[in-house]
Amino acid sequence: SAVISQKPSRDICQRGTSLTIQCQVDSQVTMMFWYRQQPGQSLTLIATANQGSEATYESGFVIDKFPISRPNLTFSTLTVSNMSPEDSSIYLCSVETWLANEQFFGPGTRLTVL
Amino acid sequence: SQKIEQNSEALNIQEGKTATLTCNYTNYSPAYLQWYRQDPGRGPVFLLLIRENEKEKRKERLKVTFDTTLKQSLFHITASQPADSATYLCAHNNAGNMLTFGGGTRLMVKP
């Protein structure tokens with residue numbers, strides 16, 4: 001298994017600003033993902049964070065809006081840029097380990113944009 | 001494109017009964033399906049994975065089935081307890097091990 005922490009756990013931000021969310025894993029992992037969960041909805045994959053290279057984004061998500069870094073095998077950041085109230089959501093980091101297909105999720109970052 | 005569908009209505013059952021949740025997919029059979037539990041304000045927690053060539057998998061009070069003919073997976077919790085109350089998510093894998101999640105079904109177990 002993997003233990004994942006996210007910072008911040010929650011934040012309230014003003015429209016037009018940016019927020020960077022950190023994801024730290026307690027062991028090296030192969031895959032790291034970022035998801036969004038809007039209120040009352042299920043999870044939607046934003047992108048796969050690739051170590052040492054550009055992230056792979058899903059349809060509807062772009063690098064300018066959601067820049068992602070993954071400098072090593074245990075850490076990644078997601079930035080929500082130029083925020084609007086529609087970005088209010090829970091952002092979750094998940095990882096897949098070397099051995100299993102299951103994913104482990106962080107506790108999430110609850111973002112509110114005013 | 002592949003869709004994962006779960007009953008969006010909450011399932012209310014009495015403690016001690018068996019809860020059965022349904023997950024349907026629309027097109028091709030995924031290599032495997034996964035079930036997660038999510039409590040309010042928390043990230044999903046992995047419960048079970050069942051592969052395409054497996055018909056059934058069990059873990060303690062949990063049982064998952066995979067019927068490729070019906071394009072369906074059933075998730076059972078036997079002897080349900082109030083602590084089992086949560087939202088249960090079904091997910092299937094895409095290329096690159098990315099997951100597509102269903103909308104989730106909220107389970108309420110009443111004492």
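Because only heavy atoms are used, hydrogens play no part in the values below, and waters and symmetry mates are left out as well, while side chains stay in. Labels below follow one simple rule: chain letters A, B, ... track the order of the sequence lines, proteins then strands, and each chain is numbered from 1.
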Inset, instruction - Please answer: with hydrophobic residues joined when any side-chain heavy atoms are less than 4.5 Å apart, are Leu49(B) and Leu89(B) in the same cluster? - result: yes
Legend entry - Whether over 12 other heavy atoms sit under 6.0 Å from Gln14(B) CD: yes
Inset, instruction - Working to the nearest 0.5 Å, report the span between CG of Leu45(A) and CG of Leu99(B). - result: 8.5 Å
Legend entry - Expected output: side-chain Ser42(A) to main-chain Gly102(B) donor-acceptor under 3.5 Å: yes
Could you list the donor-acceptor pairs under 3.5 angstrom formed by side chains in residues 105-114 of chain A, with sequence neighbours left out?
unit_1: Thr109(A); atom_1: OG1; unit_2: Gln6(A); atom_2: NE2; d: 3.2
unit_1: Thr109(A); atom_1: OG1; unit_2: Pro8(A); atom_2: O; d: 2.6

Legend entry - Path from Met31(A) to Ile68(A) over hydrophobic side-chain contacts below 4.5 Å: no
Inset, instruction - Determine the option with the most heavy-atom pairs under 4.5 angstrom with chain A, choosing from Gly41(B), Ala91(B), Gly103(B). - result: Gly103(B)
Legend entry - Residue part contacting chain A, namely of Gln6(B), when any heavy atom lies under 4.5 Å: neither
Inset, instruction - Can you measure from CD (Gln34(B)) to CD (Gln103(A)) and round to the nearest 0.5 angstrom? - result: 6.5 Å
Inset, instruction - Using non-hydrogen atoms and a 4.5 Å limit, figure out which bit of Ile90(A) sits close to chain B: side chain, backbone, both or neither. - result: neither
Legend entry - Same cluster (ILVMFWY, side-chain, under 4.5 Å), Phe75(A) and Val29(A): no
